[in-house]
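Because the structure is predicted, anything quoted here is derived from the model rather than measured.
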Amino acid sequence: MTPLHGWYAEEARDLPWRRPEFHAAFGAWGVLVSEFMLQQTPVTRVIPHLDAWLTRWPTPRAMAAASPADVVQQWANLGYPRRALWLHRAAVEVVERHGGVVPRDVDALLALSGIGDYTARAVAVFAYGDRHPVVDTNTRRVLARAVEGRAQPGSPSRRDLALMAALLPADPAEAAVLNAAAMELGATICTSRAPRCDRCPLADGCAWLAAGRPDTGDERRRQAAYEGSDRQARGAVLRLLRAAAPAAVPLTAVLPDWPDVRQRDRAIDSLIADGLAEADGEGLSLPR
DNA sequence: AAGTCGGGGCT
DNA sequence: AGCCCAGACTT
């Protein structure tokens, strides 16, 4: 893993959350927001939204004072809109439990809404410089190949954390670089489909490359089709509510021509259950 | 351990 | 027409 340091210094992408100005302006809150947005949304899609979000709500306290409707609206088309509500809830929790300061302790971070193993450690490491293993889907693939000689990682588990922890340098700053470098390598070189092993700094020591890049038969659990799914219906309803906001949409005007009316109603009910929509006498709207 | 949850871009 | 994406939550 040692070659990653030099490679990262030379080749790392210039991303907003890696710039000193970003940390100076938004601190740990900026890192927290960026990591929320990056949960399953590609880097290139997050970038255009991040600055607008942080300019509007530059602190947890500002975010906590916003309405859920404004939060869902600002989240726009980033996907998985429950994350917007969780981010808002996390901001409230930061104000209530930590005086408005994003906590540094991993367990305190894990206790916040919408924060799991990845995000908690990403904040502790990239915002505060502490020494923890940060393992995302990119890192898991790099470890699977370079260390275990497999084509694809297995399902996420705590083993990944232990494996990465064992590879971290003793110095926290160097450990942070390795964490970021492993993610960067997986995102740009050691990609899922067509890895560029010819440009990989770990090529000499990679177990998978040494074995001739075998197909180790690790089936990735594939996602159901989006077309025709409940998720698509939810997305369509929410898009309608965003367009109408702050006005409510009469229930009879909510996707009247949707192919499957039971699916439509299921989508409405589940959005209400999630707190992403609200129904009253005037109809359906974003949550007040 | 398996299901659910967006949406866009690339192959 | 799939596959993939700086995951987390619920059951």
Could you go through the salt bridge (charged side-chain N to carboxylate O under 4.0 Å, His left out) check for A:Arg121 and A:Glu35 one step at a time? CA-CA 10 Å; A:Arg121 289 170 179 79; A:Glu35 296 299 349; over 6 Å; no
Given A:Gln263 and A:Trp258, is the side chain to side chain donor-acceptor pair (under 3.5 Å) satisfied, shown in steps? CA-CA 8 Å; A:Gln263 180 182 59; A:Trp258 194 256; 2.9 Å; yes
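The footprint of chain A on DNA chain C, defined by a heavy-atom cutoff below 4.0 Å, extends from C:dG2 to C:dC9. Nucleotides of DNA chain B with any atom under 4.0 Å from a heavy atom of chain A span, from 5' to 3', B:dG3 to B:dT11.
Between A:Trp29 and A:Val94 there is no side-chain heavy-atom pair separated by less than 4.5 Å. Between A:Leu168 and A:Met164 the shortest side-chain heavy-atom distance falls below 4.5 Å.
If you check the side chains of A:Arg56 and A:Gln74, you find a donor sitting under 3.5 Å from an acceptor. Side-chain contact annotation: A:Arg199 with A:Thr188, donor-acceptor N/O pair under 3.5 Å absent.
Side chain of A:Glu184 to backbone of A:Tyr8: no donor-acceptor contact under 3.5 angstrom is found.
Nucleic acid contact class of A:Gln223 (heavy atoms, under 4.0 Å, all strands): base. Within the nucleic acid shown, A:Gly116 comes within 4.0 Å of sugar-phosphate atoms alone, with no base atom in reach, counting heavy atoms only. A:Asp274 comes within contact range of no nucleotide atom at all, as no heavy-atom separation falls under 4.0 Å. If you check every strand for non-hydrogen atoms under 4.0 Å, A:Ile115 touches sugar and phosphate atoms only.
For A:Thr216, the side chain to side chain contact (heavy atoms under 4.5 Å, CB included) partners at least two apart in sequence or on another chain are A:Arg150, A:Ala151, A:Pro214, A:Asp218. Residues meeting the side-chain hydrogen bond (donor to acceptor under 3.5 Å, both in side chains) test with A:Arg193, sequence neighbours left out: none. For A:Gln223, there are no side-chain hydrogen bond (donor to acceptor under 3.5 Å, both in side chains) partners at least two apart in sequence or on another chain. Residues satisfying the ring pair (Phe, Tyr, Trp, His ring centres under 6.0 Å) test with A:Trp208, not counting sequence neighbours, are none. Listed by chain and number, the residues in a side-chain hydrogen bond (donor to acceptor under 3.5 Å, both in side chains) with A:Asn179 amount to none (sequence neighbours excluded).
Using a 4.0 Å cutoff on non-hydrogen atoms, the parts of residues 179-199 of chain A near DNA chain C are A:Met183, A:Ser192, A:Arg193, ordered by number. Applying a 4.0 Å cut-off to non-hydrogen atoms, none of the residues of residues 138-163 of chain A approaches DNA chain B. In the region residues 8-44 of chain A, proximity to DNA chain B at under 4.0 angstrom, judged on heavy atoms, holds for A:Gln40, A:Thr41, A:Pro42.
Comparing B:dT4 with C:dA6, their P atoms sit 24 Å apart, to the nearest whole Å. Taking atom P on both C:dT10 and B:dG6, the two are 14 Å apart, rounded to the nearest angstrom.
Residue pairs satisfying the salt bridge (charged side-chain N to carboxylate O under 4.0 Å, His left out) criterion with at least one member in residues 224-234 of chain A, sequence neighbours excluded, are listed as follows: A:Asp230-A:Arg266, A:Arg234-A:Asp274. Among pairs with a residue in residues 89-103 of chain A, those fulfilling side chain to side chain donor-acceptor pair (under 3.5 Å) read A:Glu93-A:Ser113, at least two apart in sequence or across chains.
With a 6.0 Å radius and a threshold of 12 heavy atoms from other residues, nucleotides or ligands, A:Arg262 has its CZ atom at or below the threshold. Within 6.0 Å of CD in A:Glu282 there are 12 or fewer heavy atoms belonging to other residues, nucleotides or ligands.
The residue among A:Ala225 and A:Trp86 whose nearest nucleotide of DNA chain C lies closer to the 5′ end is A:Ala225.
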